[in-house]
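To start, the structure itself, in structure tokens.
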There are 2 protein chains.
Amino acid sequence: MEAVTETMVAADAREETRARIEQAALDLFTAQGFEAVTIDEVADAAGISRRTFFRYCSTKADAVWGQFDGHVVRLEGMLAAAAADQPVLASVYAAYVEVNDYAAADLPMLRQRMRLILTEPALLAHSQLRYADVDRVVAAHVARRTGVAPDALVPRLVATSTRAAATTAFELWLADGRITLGAALHQAFDELAAGFPSLR
Amino acid sequence: MEAVTETMVAADAREETRARIEQAALDLFTAQGFEAVTIDEVADAAGISRRTFFRYCSTKADAVWGQFDGHVVRLEGMLAAAAADQPVLASVYAAYVEVNDYAAADLPMLRQRMRLILTEPALLAHSQLRYADVDRVVAAHVARRTGVAPDALVPRLVATSTRAAATTAFELWLADGRITLGAALHQAFDELAAGFPSLR
DNA sequence: CTTGCCGGTGGCACTGGGTGTCACCTACGG
DNA sequence: CCGTAGGTGACACCCAGTGCCACCGGCAAG
């Protein structure tokens, strides 16, 4: 952090550091495995101290999640803006597809990130905490639209099973290099919403 | 560990120690919270050393899971023994209900365990690793019965979403003191299998 | 009875994630 | 020129988890 910050406002420098940490973490974790890399190594690669790493990422696992909070916020906004006459399940379906509509340039990094999250046990475990936020947002939406409590069966079930569908779509997208993420999401949601027609 | 083992075979003593660790862990975690309790405290309460704790539980989180491996094995057996003419989804449904058919005497401890797992963030995260085993078993069953690969969309999706349904049922059972665990499971699976009819 | 093996245990030291504290430095307004 | 505030690094600390070794009990062979 020397010449880089010269002509930079503080917020920009912060964002730039954040991105450098994330890239260093993704690369090191991909190359050597999540457990095999220490935080000191990530911090060194990002040109900061160990202590500063924890000021940007509250957890080692957090380093791979990027701006996931913004992701959740965008999903929440889409759900809130959904047409009132649209079926609830369809609105969740559409919001999941839209929030995961990445630009082509972002796909390689997304692949790297999701491969780590779904492959490394520690990151898979941690993902449950991040996805819990998503579930709360979806459950609140379903509850609002159906007039029941957010912790009732149907809102919770819709939230967890639609997220399960999205996760499955990501797994499929990662394993099969040909299918589009959007196509995988559509397949998974169609199966789920119809009660698994292909099993009858 | 002195007089207790007098008339005991080694395996019995081991099992008795295991149960003591589990009870101590559940009680301490419930009373003070998972993070606030150190392993030394659990070990002391169970009358063993810290090092021995890790010979029984590979992780602090593992202490609350009891004989979950046996659970998974039983589920696998039920799925393997399912009638060939039964619809696949129904066989998964039935196996989940049957494997969670606890004796009344076991319910308090199950409640304590599940409340911790669903309430404590660290345990919720860890649960993902345990449930991954369940998912593999279910996906393998669905794959076998439908003649596709275990990592194809439908087997994975059935596995993750049925587990989501089971988890939701547990949450409902915990929150609502009146409903039976079996009834909650039935409600959740019925919604899921029919594609959320209550939303139409 | 003694010797030697063997499984379970405890003690100890070490690595690594995460936190609290403090000193420093730099940019800013007075 | 001074004072303050926010970001940073260094250090000390706690705790989860691991490797290693020494010990102690039982048990079979001699």
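Just so we're on the same page: letters track the sequence lines, and every chain starts at 1.
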Expressed in angstrom and rounded to an integer, what is the separation of [X] atom [atom1] from [N] atom [atom2]?
X       : N      : atom1 : atom2 : value
A:Ile39 : C:dT15 : CD1   : P     : 16 Å
A:Gln32 : C:dG16 : CD    : P     : 12 Å
B:Phe53 : D:dG17 : CZ    : C1'   : 11 Å
A:Ile21 : D:dG7  : CD1   : C1'   : 13 Å
B:Phe29 : D:dA16 : CZ    : P     : 9 Å
B:Ile48 : C:dG8  : CD1   : C1'   : 12 Å
A:Phe54 : D:dG9  : CZ    : P     : 14 Å
B:Asp40 : C:dG11 : CG    : P     : 11 Å

Using the side-chain heavy atoms of B:Lys60, tell me which of these nucleotides is nearest: D:dG17, C:dG10, C:dG16.
D:dG17
Under 6.0 Å from the ring centre and within 45 degrees of the ring axis: does the NZ or CZ of A:Arg111 meet both conditions for the six-membered ring of A:Trp173?
yes
Under-3.5 Å donor-acceptor pair between B:Arg50 side chain and D:dG17 base
yes
Do B:Arg51 side-chain and D:dG19 base share a donor-acceptor contact under 3.5 Å?
yes
Sugar-phosphate only, base, or nothing, as touched by B:Val37 at under 4.0 Å among non-hydrogen atoms:
sugar-phosphate
Lys/Arg N to Asp/Glu carboxylate O, B:Arg113 vs B:Glu22, below 4.0 Å:
yes
Check B:Arg130 with B:Asp62, please: is the shortest side-chain N to carboxylate O separation under 4.0 Å?
yes
Please tell me if [X] has a side-chain N or O lying less than 4.0 Å from either OP1 or OP2 of [N].
X       : N     : answer
B:Tyr56 : C:dG8 : no
A:Thr52 : D:dG9 : yes
B:Arg18 : C:dG8 : no

Is the centre of the A:Trp65 ring less than 6.0 Å from the centre of the A:Phe29 ring?
no
Considering heavy-atom distances to DNA chain D, does A:Ser49 or B:Glu35 have its closest nucleotide positioned more toward the 5' end?
A:Ser49
Considering heavy-atom distances to DNA chain C, does A:Phe34 or B:Arg55 have its closest nucleotide positioned more toward the 5' end?
B:Arg55
Is the closest side-chain donor-acceptor distance between B:Thr30 and B:Gln112 under 3.5 Å?
yes
Using nucleotides 24-27 of chain D, report all nitrogen or oxygen pairs with the protein that are shorter than 3.5 Å.
none

May I ask you to decide if the ring planes of A:His71 and A:Tyr102 are parallel, tilted or perpendicular, using 30° and 60° as cut-offs?
parallel
Measure the CG-CE distance between A:Leu181 and A:Met114 for me, rounded to the nearest 0.5 Å.
8.5 Å
